[in-house]
Amino acid sequence: MSGGCHCGAVRFRVTFLKAEAIDCNCSICRKKGFLHGIVPPEQFDLLSGAADLVSYRFNTGQAEHLFCRHCGIHAFYHPRSHPGYLDVNLHCLDAVQEDPDFLQRFEIQPFDGQHWEANRAKLR
């Protein structure tokens, strides 16, 4: 399935083998409305916009949060929780815009990211 940022500069294609997502309540995830679909790199293709991505790191600096320099949308990033994987914002998938019931197909696991260190082991 395909997706991207708001302005269309960043476009990607992703394959989910399982319809699973994580809804984290940490400060950055809540503020940017990120619904996490984590995939290995072979299931993700950046189609356009590599030069339009800006990186932001905070706290430990392990996660590389990427956003479009034009519209500011965080469509995907490299997560601290799953090194070597990509974390796609399900809200940025075209299917969400086309089908309001699309996200109901995903098993969404709440995660207490406000207490990340204490809960890290609970992540799949």
Side-chain angles (χ1 to χ4, degrees):
M1 63 187 56
S2 60
C5 67
H6 188 256
C7 73
V10 176
R11 296 292 301 161
F12 61 85
R13 186 171 299 123
V14 65
T15 302
F16 293 102
L17 299 181
K18 294 181 180 179
E20 296 177 340
I22 298 168
D23 187 13
C24 178
N25 68 356
C26 78
S27 62
I28 194 165
C29 293
R30 280 289 171 224
K31 285 185 182 237
K32 65 182 175 178
F34 212 98
L35 187 56
H36 305 265
I38 299 170
V39 296
E42 59 271 12
Q43 290 172 222
F44 181 88
D45 289 307
L46 181 59
L47 303 174
S48 63
D52 297 302
L53 292 170
V54 178
S55 175
Y56 171 67
R57 295 176 187 257
F58 70 98
N59 195 11
T60 66
Q62 292 176 305
E64 182 182 19
H65 298 266
L66 300 167
F67 59 95
C68 174
R69 67 184 177 95
H70 304 287
C71 66
I73 295 298
H74 297 234
F76 67 93
Y77 76 106
H78 303 280
R80 172 185 179 193
S81 61
H82 297 77
Y85 283 66
L86 285 122
D87 193 342
V88 176
N89 187 350
L90 298 188
H91 290 124
C92 290
L93 296 174
D94 296 341
V96 172
Q97 304 307 313
E98 297 161 2
D99 177 3
D101 297 324
F102 176 78
L103 290 177
Q104 293 177 13
R105 299 178 199 151
F106 280 77
E107 177 187 335
I108 299 174
Q109 170 192 6
F111 176 70
D112 183 6
Q114 289 181 1
H115 306 99
W116 200 91
E117 294 297 337
N119 294 304
R120 164 67 179 102
K122 296 176 185 175
L123 287 171
R124 297 180 202 167

Regarding R30 and D23, does a basic nitrogen lie under 4.0 Å from an acidic carboxylate oxygen? yes
Co-membership, hydrophobic cluster, residues M1 and L35, 4.5 Å side-chain: yes
Closest heavy-atom pair and its distance - Q43, T15: NE2-O, 2.6 Å
Same cluster or not: are F12 and L103 linked, directly or through other Ile, Leu, Val, Met, Phe, Trp or Tyr residues, by side-chain heavy atoms under 4.5 angstrom apart? yes
Are F111 and V39 in one and the same hydrophobic cluster, where Ile, Leu, Val, Met, Phe, Trp and Tyr link if side-chain heavy atoms are under 4.5 Å apart? no
Do L66 and L46 share a hydrophobic cluster (ILVMFWY, side-chain heavy atoms under 4.5 Å, transitive)? yes
Whether R11 side chain and G3 backbone form a donor-acceptor pair below 3.5 Å: yes
Rounded at 0.5 Å granularity, tell me how far NZ in K31 sits from CD1 in I28. 9.5 Å
Measure up the F67 and H74 rings against each other and bin them: parallel (under 30°), tilted (30 to 60°), perpendicular (over 60°). parallel
Of all the heavy-atom pairs spanning A63 and R57, show the shortest one and how long it is. O-CG, 3.4 Å
For C24 and H36, work out which heavy atoms get closest and say how close. CB-NE2, 3.7 Å
Is the backbone N or O of C68 less than 3.5 Å from a side-chain atom of D52, with the two atoms forming a donor-acceptor pair by type? no
Of all the heavy-atom pairs spanning A75 and C5, show the shortest one and how long it is. CB-N, 4.4 Å
How about D87 and H82: does a side-chain donor come under 3.5 Å of a side-chain acceptor? no
Can you get from V88 to V10 by hopping between Ile, Leu, Val, Met, Phe, Trp and Tyr side chains that sit under 4.5 Å apart? yes
Check this for me: Y85, atom OH, are more than 12 non-hydrogen atoms of other residues, nucleotides or ligands nearer than 6.0 Å? no
What's the separation between atom CZ in F16 and atom CG in L90, rounded to the nearest 0.5 Å? 5.0 Å
Pairwise distance CZ(R80) to CD(Q62) - rounded to 0.5 angstrom: 5.0 Å
Shortest non-hydrogen separation from I73 to C92 and the atoms involved: CG2-SG, 3.6 Å
Are the side chains of F76 and L53 in touch, meaning some heavy atoms are under 4.5 Å apart? yes
For the ring-ring contact (aromatic ring centres under 6.0 Å, His included) test, which of F58, F34, Y56 pairs with Y77? F34
Heavy atoms, side chains only, cut-off 4.5 Å: are S81 and I38 in contact? yes
Could you work out, with salt bridge (charged side-chain N to carboxylate O under 4.0 Å, His left out) as the rule, every residue matching D112, not counting sequence neighbours? none
Test your reading of the model: is there a side-chain donor-acceptor pair from D99 to the backbone of D101, 3.5 Å cut-off? yes
Minimum heavy-atom separation for N89 and K32, please, with both atom names. ND2-O, 4.5 Å
